[in-house]
Amino acid sequence: MSEQPVDKSAGPAVPEASGVDLARVALRAAKEQAKARGAAAAQKKQARRGGGLRSGARADGRDPMALGAAINRLITERGWETPAAVGGVMGRWPQIVGEDLAKHCVPLKFDDEPDARVLTVQCDSTAWATQLRLLAPTLVARLNEDLGHGTVRMIKVLGPGGPRRGYGPLRAPGSVGPGDTYG
């Protein structure tokens, strides 16, 4: 087996964007270009009428914007659609998985890198962790139905963390503590 020389000056490999991500970027750019063309045309029309920018009875780009519309615009401009949608899912966790499961399993984080897309969930007992592992394929399908195809690829289920392992006066010599019963 022969080794080929490696070019280390090229830097780290950058993952390529998927088709859905490229489509979102292209749509966002097209919307911004259309908005810019519309604003430029409106300014030309107003300049022809004999005046610079002035306030009028009709809505224009300088009018105040509702808070919800401003937040939606910011999310779209920055490309935060997926993280915002996942945050919404974490807020609606009991409605998505059911009240019983939500009492014992809590979503911790979402890794939104294109290669991973893993939702990490922690359960308060090993029995609920096993139950969630069995329901994981159904839950992934339900989440992707709500968020869009391919948003969540896997659910990583964590068992209970267990109590803090201290070295108090009641610890028996040679014992490993409560770690035997957790995880």
Side-chain angles (χ1 to χ4, degrees), residues 13-36 38 59 61-166 176-183:
V14 178
E16 293 185 25
S18 68
V20 174
D21 295 330
L22 290 175
R24 283 186 182 139
V25 170
L27 177 63
R28 192 176 313 120
K31 283 182 178 180
E32 289 174 4
Q33 289 173 356
K35 187 182 278 188
R62 297 174 297 148
D63 287 343
M65 187 181 287
L67 181 61
I71 290 174
N72 288 337
R73 180 176 163 190
L74 180 67
I75 287 172
T76 303
E77 286 175 355
R78 300 287 172 108
W80 295 338
E81 290 95 355
T82 301
V86 170
V89 165
M90 290 188 178
R92 294 181 293 125
W93 184 251
Q95 290 87 18
I96 293 172
V97 299
E99 293 292 331
D100 290 337
L101 194 62
K103 289 178 186 174
H104 301 282
C105 302
V106 179
L108 294 180
K109 65 179 181 174
F110 177 71
D111 185 10
D112 63 346
E113 292 183 23
D115 295 340
R117 297 190 180 187
V118 176
L119 177 65
T120 305
V121 179
Q122 184 166 21
C123 300
D124 61 2
S125 71
T126 54
W128 282 105
T130 303
Q131 180 70 19
L132 188 63
R133 284 186 190 103
L134 293 172
L135 293 173
T138 306
L139 190 56
V140 167
R142 189 179 306 164
L143 289 170
N144 284 331
E145 186 178 298
D146 192 29
L147 298 172
H149 180 68
T151 304
V152 178
R153 291 187 181 163
M154 188 176 89
I155 295 180
K156 181 178 179 182
V157 181
L158 302 177
R164 189 178 70 78
R165 293 187 177 154
V176 293
D180 298 338
T181 59
Y182 290 100

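Numbers here simply count residues along the sequence, with the first being 1. Every value quoted in this text rests on a predicted model; they were computed, and no experiment measured them.
Contact between Ile155 and Ala136 at its shortest, heavy atoms only, is CD1-O, 4.1 Å. Across Trp93 and Leu139, no two heavy atoms sit closer than the pair CH2-CD2, 3.9 Å. Summarising the geometry of Ala102 relative to Pro94, their closest heavy-atom pair is CB-CA, 3.6 Å, with the distance given to 0.1 Å.
Side chains of Pro160 and Thr126 form a contact here, defined as non-hydrogen atoms less than 4.5 Å apart. Using a 4.5 Å heavy-atom cutoff, the side chains of Leu135 and Leu101 are in contact. Side-chain contact between Val121 and Lys156 is absent, with no heavy atoms from C-beta onward closer than 4.5 Å. Side chains of Val118 and Val152 form no contact here, defined as non-hydrogen atoms less than 4.5 Å apart. For the pair Cys105/Val97, no side-chain contact is recorded, criterion being any heavy-atom separation below 4.5 Å from C-beta on. Proximity of Gln131 to His104: side-chain heavy atoms (C-beta onward) are nowhere separated by under 4.5 Å. Annotation: side chain of Thr130 is not in contact with side chain of Val157 (no heavy-atom distance under 4.5 Å).
Side-chain N or O atoms of Gln122 include one that pairs as donor or acceptor with a backbone N or O of Gly159 at under 3.5 Å. Looking at Arg117, its side chain never comes within 3.5 Å of a backbone N or O of Met154 through a donor-acceptor pair.
In this structure, Arg28 does not pair ionically with Glu32, as no charged nitrogen and carboxylate oxygen lie closer than 4.0 Å.
In this structure, Asn72 CG and Glu77 CD are separated by 11.0 Å, a value rounded to the nearest 0.5 Å. To the nearest 0.5 angstrom, Leu132 atom CG is 10.5 Å from Thr138 atom OG1. The distance from atom OG1 of Thr76 to atom CG of Leu27, rounded to the nearest 0.5 Å, is 9.0 Å. Separating the CZ atom in Phe110 from the CG atom in Leu143 is a distance of 9.0 Å, to the nearest 0.5 Å.
Taking a 6.0 Å sphere around CZ of Arg153, one finds it holds more than 12 heavy atoms contributed by other residues, nucleotides or ligands.
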